Amino acid sequence: MGAQLRVYKRRIRSVTATKKITKAMEMIAASRIVKAQRQVAASTPYATELTRAVTAVATGSTTKHPLTTEADAPARAAILLITSDRGLAGGYSSNAIKAAERLTERLRGEGKEVVTYVIGRKGVAYYGFRERKIADSWTGFTDSPTYADAKRAAAPLIEAVTQETAEGGVDELHIVFTEFVSMMTQNPVESRMLPLSLDAAKEEDGKGEILPLFDFEPSAEDVLDALLPRYVESRIYNALLQAAASEHAARRRAMKSATDNAGDLIKSLSRLANAARQAEITQEISEIVGGASALADATAGSDK
């Protein structure tokens with residue numbers, strides 16, 4: 001009985017230590033969410049206005065630019081998948097990967113070859129374990145991304161879009177990330193960045209205003225060459241910030257659940273330990289009473 005009590009106490013100490021770790025991780029994630037939310041709020045107006053500027057150039061000119069013109073028969077599409085570098089965030093990365101897999105199947109069903117780019121160690125590990133080819137990957141910054149990280153990831157994507165498909169280029173560019181809705185809700189979403197859909201851009205702008213006609217200097221094509229890379233970088237940066245906020249929220253929720261479960265387990269183990277201790281005490285009392293009774297019987301027999 002004493003050995004069983006020691007097992008319970010050892011498990012209680014182990015779970016208590018785990019609870020302290022998960023509680024600390026929950027508090028760290030909660031503190032980082034606020035900063036991530038502020039960054040999302042700060043980057044969104046820039047991305048929106050840049051989209052309006054690109055839309056104005058594209059609708060105000062008759063120039064056919066490779067980044068705004070639909071291919072007659074698109075054959076290759078690129079997907080940028082944003083996952084996390086670290087685990088312990090519930091289904092955050094797996095949900096984003098599932099969304100990318102659904103998009104991949106849809107594009108392949110349309111007869112397009114899919115080229116995958118991945119941000120985050122979880123996504124890289126997923127494709128690496130399955131021995132599936134990745135065109136390029138980036139890791140080490142998912143929980144605190146900067147604009148330089150977005151620019152680094154955007155460079156090969158823009159290059160792929162501007163190249164001919166015969167030379168390894170792509171006709172479309174899609175992005176899959178987790179959108180931060182609230183502390184309790186984070187939704188994996190997929191969006192086509194390029195070619196820029198003018199109707200979708202107008203809807204995203206949400207103002208419904210009629211754009212004026214413009215004269216471009218030196219040319220509309222040169223303006224598009226300058227604006228569209230910034231558009232891609234800003235969209236990726238905003239997606240990275242949304243994903244970072246979602247990751248922290250998912251990790252906070254997962255760690256809170258783990259902390260609560262650890263508390264429930266400690267209570268259950270404590271009850272079992274108390275029951276074992278009580279049984280041990282009862283057995284000791286029974287042994288003492290039995291011994292005293294046997295001693296009394298022996299003493300009475302000797303007196304006769």
Side-chain angles (χ1 to χ4, degrees), residues 35-61 63 65-69 77-83 96 99-100 103 117-120 136-138 140-162 170 172-181 186-207 209 211 214 216 220-248:
K35 179 181 177 182
Q37 284 180 295
R38 289 174 181 170
Q39 289 179 320
V40 171
S43 70
T44 299
Y46 174 78
T48 301
E49 290 302 317
L50 191 54
T51 300
R52 292 184 69 245
V54 174
T55 304
V57 177
T59 56
S61 69
T63 301
H65 194 275
L67 301 184
T68 57
T69 304
I79 296 177
L80 174 62
L81 169 62
I82 300 178
T83 62
L103 176 60
Y117 297 80
V118 181
I119 293 177
D136 206 344
S137 63
W138 303 268
F141 55 81
T142 59
D143 60 344
S144 183
T146 63
Y147 193 85
D149 298 322
K151 190 172 182 179
R152 183 156 52 95
L157 297 172
I158 296 172
E159 182 180 356
V161 173
T162 55
V170 297
E172 297 177 359
L173 173 58
H174 300 258
I175 184 169
V176 178
F177 65 99
T178 305
E179 180 184 24
F180 181 84
V181 180
Q186 301 87 41
N187 298 324
V189 297
E190 58 93 359
S191 174
R192 194 184 79 171
M193 287 196 296
L194 295 174
L196 177 64
S197 174
L198 299 183
D199 293 336
K202 291 176 183 177
E203 292 177 4
E204 184 177 325
D205 177 39
K207 297 184 179 179
E209 61 185 42
L211 296 174
F214 293 91
F216 303 102
E221 185 175 2
D222 290 335
V223 174
L224 285 172
D225 286 339
L227 282 180
L228 279 167
R230 304 294 179 271
Y231 162 76
V232 176
E233 292 167 5
S234 67
R235 286 288 299 272
I236 293 177
Y237 181 52
N238 185 260
L240 284 171
L241 294 177
Q242 294 264 7
S246 299
E247 178 184 347
H248 294 316

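Nothing here was measured: the structure is a model prediction, and the numbers come from that model.
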Which heavy atom of [X] sits nearest to which heavy atom of [Y], and what is that distance?
{"X": "Ala150", "Y": "Glu233", "value": "CB-O, 3.8 Å"}
{"X": "Pro229", "Y": "Ile158", "value": "CA-CD1, 3.5 Å"}
{"X": "Arg235", "Y": "Ser191", "value": "NH2-OG, 3.0 Å"}
{"X": "Ala226", "Y": "Arg230", "value": "O-CG, 3.4 Å"}
{"X": "Ala99", "Y": "Pro188", "value": "CB-CB, 4.1 Å"}
{"X": "Ala42", "Y": "Pro45", "value": "O-CD, 3.6 Å"}

Original post:
Step by step, would you call Ile119 with Phe177 a side-chain contact (heavy atoms from CB on, under 4.5 Å)?
Top reply: CA-CA 10 Å; Ile119 293 177; Phe177 65 99; over 6 Å; no
Rounded to the nearest 0.5 Å, how far apart are [atom1] of [X] and [atom2] of [Y]?
{"X": "Ser234", "Y": "Glu49", "atom1": "OG", "atom2": "CD", "result": "11.5 Å"}
{"X": "Asn187", "Y": "Gln242", "atom1": "CG", "atom2": "CD", "result": "10.5 Å"}
{"X": "Arg152", "Y": "Asp136", "atom1": "CZ", "atom2": "CG", "result": "9.5 Å"}
{"X": "Leu241", "Y": "Arg38", "atom1": "CG", "atom2": "CZ", "result": "14.0 Å"}
{"X": "Gln39", "Y": "Tyr237", "atom1": "CD", "atom2": "OH", "result": "5.0 Å"}
{"X": "Ile236", "Y": "Tyr231", "atom1": "CD1", "atom2": "OH", "result": "10.0 Å"}

Original post:
Is there a donor-acceptor pair under 3.5 Å between the side chain of Glu190 and the backbone N or O of Val176?
Top reply: no
**OP:** Measure from the side-chain N and O atoms of Thr178 to the backbone N and O of Ala243, and report whether any donor-acceptor pair falls under 3.5 Å.
**Re:** no
**OP:** Carefully, step by step, assess Asp143 and His248 under the rule side-chain contact (heavy atoms from CB on, under 4.5 Å).
**Re:** CA-CA 7 Å; Asp143 60 344; His248 294 316; 3.7 Å; yes
Subject >> Leu157/Tyr117 under side-chain contact (heavy atoms from CB on, under 4.5 Å): CA gap, chis, key distance, verdict >> reply: CA-CA 9 Å; Leu157 297 172; Tyr117 297 80; 3.4 Å; yes
Should [X] and [Y] count as side-chain neighbours, where that means a heavy-atom distance under 4.5 Å?
{"X": "Val161", "Y": "Val232", "value": "no"}
{"X": "Leu50", "Y": "Tyr46", "value": "yes"}
{"X": "Pro156", "Y": "Trp138", "value": "yes"}
{"X": "Ile82", "Y": "Leu240", "value": "yes"}
{"X": "Thr142", "Y": "Thr83", "value": "no"}
{"X": "Pro195", "Y": "Glu172", "value": "yes"}

Original post:
Who are the side-chain hydrogen bond (donor to acceptor under 3.5 Å, both in side chains) partners of Asp222, not counting sequence neighbours?
Top reply: Ser219
